[in-house]
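The shown structure was predicted, so the numbers you read here are calculated from the model rather than taken from an experiment. Chain letters run A, B, ... following the sequence lines, proteins first and then strands; every chain starts at 1.
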Amino acid sequence: GEKVEQHESTLSVREGDSAVINCTYTDTASSYFPWYKQEAGKGLHFVIDIRSNVDRKQSQRLIVLLDKKAKRFSLHITATQPEDSAIYFCAAKGYNVLYFGSGTKLTVEP
Amino acid sequence: EAAVTQSPRNKVAVTGGKVTLSCNQTNNHNNMYWYRQDTGHGLRLIHYSYGAGSTEKGDIPDGYKASRPSQENFSLILELATPSQTSVYFCASGSGGGSYEQYFGPGTRLTVL
């Protein structure tokens with residue numbers, strides 16, 4: 001099955017800087033790549049996704065890039081704010097299920 | 001807004017005991033999922049369901065059973081709990097079809113002593 005590797009387990013940035021989280025996947029047939037955010041003590045919630053028919057998607061301060069050749073996708077958070085501090089999970093869609101990465105704990109320092 | 005609730009939120013069980021984790025969704029979603037979250041492993045899929053009466057094995061089903069008696073409810077059952085099953089368990093729902101977004105519950109912290 002699909003395997004998703006999330007490269008940064010922790011990431012610390014200064015408020016206002018950009019943060020980048022990188023993921024790779026193994027199944028060339030994967031076509032949908034969502035990102036989820038988990039705040040302390042809570043469940044995950046969806047933040048942004050990208051489908052394989054595009055290589056870039058932006059929603060406000062969030063940008064997702066997809067490189068199908070390299071089987072790599074990344075989440076860019078611009079102008080970070082303290083409320084961006086959380087654990088971020090990348091995922092790839094397999095057959096009717098999502099395969100998640102191991103999570104990146106992002107800390108935005110004032 | 002999508003609503004997925006889980007009960008109990010915290011549970012302490014003894015080794016060899018039976019544990020049932022419950023999940024309820026009011027989204028009228030067809031698909032429901034059970035994951036466990038462990039440091040270093042992220043979320044791993046245990047069981048999922050396409051609708052009432054259906055259960056499917058995920059990546060790590062050993063030691064777990066699932067039950068989907070209705071559209072709204074999906075349970076995870078540990079017949080003989082072991083300390084290795086100490087974890088945080090998340091339930092999620094999704095509409096299926098062309099939409100792949102999942103809506104997660106708040107999680108259940110299970111400790112098996």
Item to check | Shortest non-hydrogen contact between Glu101(B) and Tyr32(A), atoms and distance | outcome: N-OH, 4.2 Å
Checklist entry - For the atom pair CZ (Phe104(B)) and CZ (Phe46(A)), what is the distance rounded to the nearest 0.5 Å? => result 12.0 Å
Checklist entry - By a 4.5 Å heavy-atom criterion (distance strictly below it), what part of Asp38(B) contacts chain A: side chain, backbone, both, or neither? => result neither
Item to check | Hydrophobic cluster identity match, Phe89(A) and Val20(A), side-chain contacts under 4.5 Å | outcome: no
Next on the checklist: According to a hydrophobic-cluster definition based on side-chain heavy atoms being under 4.5 Å apart (Ile, Leu, Val, Met, Phe, Trp, Tyr only), do Tyr50(B) and Ile46(B) belong together?
Outcome noted: no
Under 3.5 Å, which donor-acceptor pairs link side chains of residues 74-82 of chain B to any protein atom two or more places apart or in another chain?
unit_1   : atom_1 : unit_2   : atom_2 : d
Glu79(B) : OE2    : Lys65(B) : NZ     : 3.1
Thr82(B) : OG1    : Ser84(B) : OG     : 2.8

Next on the checklist: Looking at Arg44(B), I'd like to know if its CZ atom is crowded, meaning that more than 12 non-hydrogen atoms belonging to other residues, nucleotides or ligands lie closer than 6.0 Å.
Outcome noted: yes
Item to check | Gln37(B) side chain near Phe100(A) side chain, heavy-atom distance below 4.5 Å | outcome: no
Checklist entry - Given a strict heavy-atom distance threshold of 4.5 Å, which part of Lys42(A) is in contact with chain B: side chain, backbone, both, or neither? => result backbone
Item to check | Hydrophobic cluster membership, Phe33(A) vs Leu65(A), 4.5 Å side-chain cutoff | outcome: no
Item to check | Interface residues of residues 102-110 of chain A facing chain B - non-hydrogen atoms under 4.5 Å apart | outcome: Ser102(A)
Checklist entry - So if you build clusters from Ile, Leu, Val, Met, Phe, Trp, Tyr with side-chain heavy-atom gaps below 4.5 Å, do Tyr88(A) and Ile63(A) land together? => result no
Item to check | Nearest heavy-atom neighbours spanning Tyr35(B) and Leu98(A) | outcome: OH-O, 4.2 Å
Checklist entry - Would you say the side-chain atoms of Tyr36(A) pair up with the backbone N or O of Gln102(B), donor to acceptor, closer than 3.5 Å? => result yes
Checklist entry - Quick check: are there more than 12 heavy atoms from other residues, nucleotides or ligands sitting under 6.0 Å from CD of Gln60(A)? => result no
Next on the checklist: Less than 4.5 Å to any heavy atom of chain B: does that hold for the side chain of Gln38(A), its backbone, both, or neither?
Outcome noted: side chain
Next on the checklist: Do Leu43(B) and Leu44(A) make a side-chain contact, defined as non-hydrogen atoms from C-beta onward lying under 4.5 Å apart?
Outcome noted: yes
Item to check | Common cluster, Val88(B)/Tyr64(B), ILVMFWY with side-chain heavy-atom separation under 4.5 Å | outcome: no
Checklist entry - Relative to chain A, which segment of Tyr48(B) carries a heavy atom at a distance below 4.5 Å: side chain, backbone, both, or neither? => result side chain
